[in-house]
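As structure tokens, the structure follows; a few thoughts come after it.
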Amino acid sequence: MRGRQVAALLLREPRLRWRVDPRLPATIAGQRVRDVRRRAKYLIIDLDAGSLILHLGMSGSLRMLDPATPLEPHDHYDLLLESGRCLRFNDPRRFGSLLWSAGDPADHPLLAALGPEPLTSAFNADYLARRARGRRVAIKQFLMDQRVVVGVGNIYASEALYRAGVHPRRAAGRVSGARLAALVEAIRAVLGDAIRAGGTTLRDYVDADGTPGYFRQRLYVYERAGRPCRRCRTPVRHVVQGQRSTYYCPRCQR
DNA sequence: ATGGGCACCTGGCTGC
DNA sequence: TGCAGCCAGGTGCCCA
């Protein structure tokens with residue numbers, strides 16, 4: 001997409017997580033794509049006069065295809081390029097978003113308070129200890145708080161806690177410095193491993209080429225309730241925290 | 001400031 | 001075969 005010009009935005013269904021501004025197609029038509037990048041789970045498409053901020057939510061996907069490709073249910077918008085290609089967004093649950101930022105997207109309200117990227121040096125044991133101090137929220141929910149660290153979703157939170165040997169219900173402020181350091185490394189490792197495996201396909205996730213991710217086979221606890229812990233054979237437990245499923249080994253995680 | 005719960009929405013699966 | 005109930009990869013917002 002880089003260097004191409006936006007020919008049009010075809011907005012079929014503006015009712016996404018936030019209603020897409022009906023003036024957006026007129027705003028971006030004719031602008032050149034200066035860069036395509038990512039911050040947390042937001043995709044940022046920098047144009048001449050501002051940036052598009054996209055999010056896939058739980059069920060969203062983007063495909064680069066020929067604009068003549070027949071529409072499928074939940075194809076909510078097409079970003080047409082002057083090159084003749086088309087970026088098509090599909091999202092059954094409509095938890096995804098399409099926003100416009102006229103200034104620096106880092107200052108956009110949704111991005112301004114985000115925590116560090118987990119694979120950078122800014123995310124380290126000292127940082128995590130400082131943020132966790134005094135916090136009584138469960139460590140699992142703390143790790144999923146995007147103001148603390150971005151990118152750790154429901155699957156990888158459980159997996160990282162397992163790898164670090166930390167009980168998901170322990171108060172964030174009561175996890176020792178050594179264990180927080182182990183958590184930093186566990187988060188880095190699990191995200192790296194998952195990325196190398198192409199992601200985790202639970203049901204229907206596929207990458208831009210249509211390839212599923214193979215990390216599901218390497219999950220230690222997620223969706224393994226009742227099955228033996230791979231390390232100690234104790235049955236994996238399932239609990240609910242903040243309306244989200246959590247999986248852990250009661251023997252390996254303290 | 002913090003923590004907890006709800007909201008947004010559709011589809012797929014299970015069990016009766 | 002139909003249908004109610006439950007669950008799902010995210011995360012902002014409101015209230016106590």
Side-chain angles (χ1 to χ4, degrees), chain A residues 12-20 38-43 53-62 71-77 89-99 101 105 108-115 117-118 130-161 168-175 187 190-191 193-195 197-208 210-226 238-247:
Chain A
R12 300 184 196 86
E13 175 54 88
R15 294 175 304 165
L16 303 183
R17 175 80 199 270
W18 287 277
R19 172 169 282 274
V20 180
R38 175 193 66 75
R39 171 74 174 108
K41 293 181 185 175
Y42 294 94
L43 299 169
I53 301 173
L54 286 60
H55 198 292
L56 301 178
M58 298 260 266
S59 55
S61 63
L62 289 164
L71 288 175
E72 309 226 338
H74 314 298
D75 279 341
H76 302 317
Y77 66 79
F89 177 70
N90 181 284
D91 185 7
R93 293 179 75 178
R94 286 195 268 122
F95 286 176
S97 46
L98 175 63
L99 300 157
S101 164
H108 188 280
L110 291 180
L111 307 196
L114 290 174
E117 293 286 333
R130 185 165 56 74
R131 295 297 302 263
R133 194 166 302 137
R135 296 292 305 272
R136 307 175 83 129
V137 70
I139 186 69
K140 192 225 181 192
Q141 289 165 279
F142 176 76
L143 292 180
M144 290 176 67
D145 183 340
Q146 303 296 294
R147 293 167 299 187
V148 173
V149 58
V150 303
V152 181
N154 198 43
I155 298 173
Y156 304 128
S158 279
E159 292 296 310
L161 286 163
R169 285 203 155 126
R170 180 171 285 272
R174 292 181 168 264
V175 179
I187 287 167
V190 75
L191 292 178
D193 289 350
I195 288 166
T200 306
T201 297
L202 296 179
R203 281 153 201 90
D204 50 19
Y205 164 76
V206 287
D207 74 6
T211 312
Y214 297 101
F215 195 67
R216 192 185 190 186
Q217 302 155 231
R218 307 235 292 271
L219 296 173
Y220 284 97
V221 287
Y222 193 83
E223 282 196 324
R224 296 194 69 248
H238 171 251
V239 294
V240 174
Q241 294 180 279
Q243 295 87 236
R244 310 300 300 279
S245 276
T246 298
Y247 300 85

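Small disclaimer: the values here were computed from a predicted structure and weren't measured. Scope of the values below: all heavy atoms of this structure, side chains included, with no hydrogens, waters or symmetry mates. Here is how names work: the chains are called A, B, and so on, in the same order as the sequence lines, proteins then strands, and each is numbered from 1.
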Want to settle it: does A:Gly242 or A:Arg135 sit nearer the 5' end of DNA chain B, counting the closest nucleotide to each?
A:Arg135

Answer whether the closest heavy-atom distance between the side chains of A:Ile155 and A:Thr200 falls below 4.5 Å.
yes

Starting from P on B:dT10, measure out to CZ on A:Phe89 and report it in whole angstrom.
14 Å

How is A:Leu56 classified with respect to the nucleic acid when contacts are heavy atoms under 4.0 Å: base, sugar-phosphate, or nothing?
nothing

Spell out yes or no: do the side chain of A:Arg94 and the base of B:dC9 have one donor N/O and one acceptor N/O closer than 3.5 Å?
no

Would you tabulate the pairs of protein nitrogen or oxygen atoms and nucleotide nitrogen or oxygen atoms of nucleotides 14-16 of chain C closer than 3.5 angstrom?
none

Any ion pair linking A:Lys140 and A:Glu159 (charged N to carboxylate O, less than 4.0 Å)?
no

Let me know the distance between CD of A:Gln241 and P of C:dG10, rounded to the nearest Å.
15 Å

Can you tell me if A:His55 touches the phosphate of C:dT11, counting only side-chain N or O atoms and a distance under 4.0 Å to OP1 or OP2?
yes

Heavy-atom distance under 4.5 Å between the side chains of A:Leu16 and A:Phe95, does that happen here?
no

Closest heavy-atom pair and its distance - A:Ala172, A:Phe142:
CB-CG, 3.7 Å

A:Phe95 over B:dC8, stacked by centroid distance under 5.5 Å, angle under 30°
yes

Hey, does the side chain of A:Arg93 come within less than 4.0 Å of B:dG11's phosphate (OP1/OP2), counting only N and O?
no

Here the distance between atom C1' of C:dG10 and atom CD of A:Gln141, to the nearest Å, is 14 Å

Between B:dG5 (P) and A:Asp145 (CG): distance, integer Å
16 Å

Length of the line joining A:Glu223:CD and B:dC13:C1', which is rounded to integer Å
13 Å

Would you classify A:Arg203 as touching base, sugar-phosphate or nothing, given that sugar-phosphate means primed atoms plus P, OP1 and OP2, and contacts are heavy atoms under 4.0 Å?
base

Salt bridge A:Glu117-A:Arg38, side-chain N to carboxylate O under 4.0 Å
yes

Using whole Å, report how far CZ of A:Arg244 lies from P of B:dC6.
15 Å

With a 4.0 Å limit, can you tell me whether A:Ser245 has a side-chain N or O closer than that to the phosphate oxygens OP1/OP2 of C:dA8?
yes

Nearest-Å distance, CG (A:Leu110) to C1' (C:dG10)?
12 Å

Pairs under 3.5 Å (Watson-Crick or G-U), crossing ones as [ ], inter-strand ones as |: DNA chain C comes out as .|||||||.|||||||

Could you tell me whether the phosphate oxygens of C:dG10, OP1 or OP2, come under 4.0 Å of any side-chain nitrogen or oxygen in A:Tyr205?
no

Does any non-hydrogen side-chain atom of A:Arg12 lie less than 4.5 Å from one of A:His76?
no

Just checking A:Asp204: base, sugar-phosphate only, or nothing, at a heavy-atom cut-off of under 4.0 Å?
base

Which is true for A:Arg17 with a 4.0 Å heavy-atom rule: it touches a base, it touches only sugar-phosphate, or it touches nothing?
base

A:His238 side chain to A:Ser245 side chain, donor-acceptor N/O pair below 3.5 angstrom
yes

Contact class for A:Gln243 vs. all strands (heavy atom < 4.0 Å): base, sugar-phosphate, or nothing?
base

Hey, does A:His55 have a side-chain heavy atom less than 4.5 Å from the side chain of A:Leu98?
no

Regarding the side chain of A:Val137, the nearest nucleotide among C:dG12, C:dT11, B:dG3 is B:dG3

Rounded to whole Å, the CZ-C1' distance (A:Arg15 to B:dC9) equals 10 Å

Look at all strands and tell whether A:Thr200 reaches a base, only sugar-phosphate, or nothing, counting heavy atoms closer than 4.0 Å.
base

Does any part of the side chain of A:Leu54, heavy atoms only, come nearer than 4.5 Å to the side chain of A:Phe89, both counted from C-beta?
no

Is A:Phe142 touching bases, backbone alone, or none of the nucleic acid, heavy atoms closer than 4.0 Å?
nothing

Taking every heavy atom of A:Arg39 against every heavy atom of A:Leu114, the minimum-distance pair comes out as NH2-O, 3.3 Å

Considering all heavy atoms of both residues, which atom of A:Ile187 and which atom of A:Pro118 are nearest to each other, and what is their separation?
CG2-CB, 4.0 Å

In whole Å, what separates the P atom of B:dA1 from that of C:dT11?
23 Å

Over all strands shown, is A:Arg136 touching base, sugar-phosphate only, or nothing at heavy-atom distances under 4.0 angstrom?
sugar-phosphate

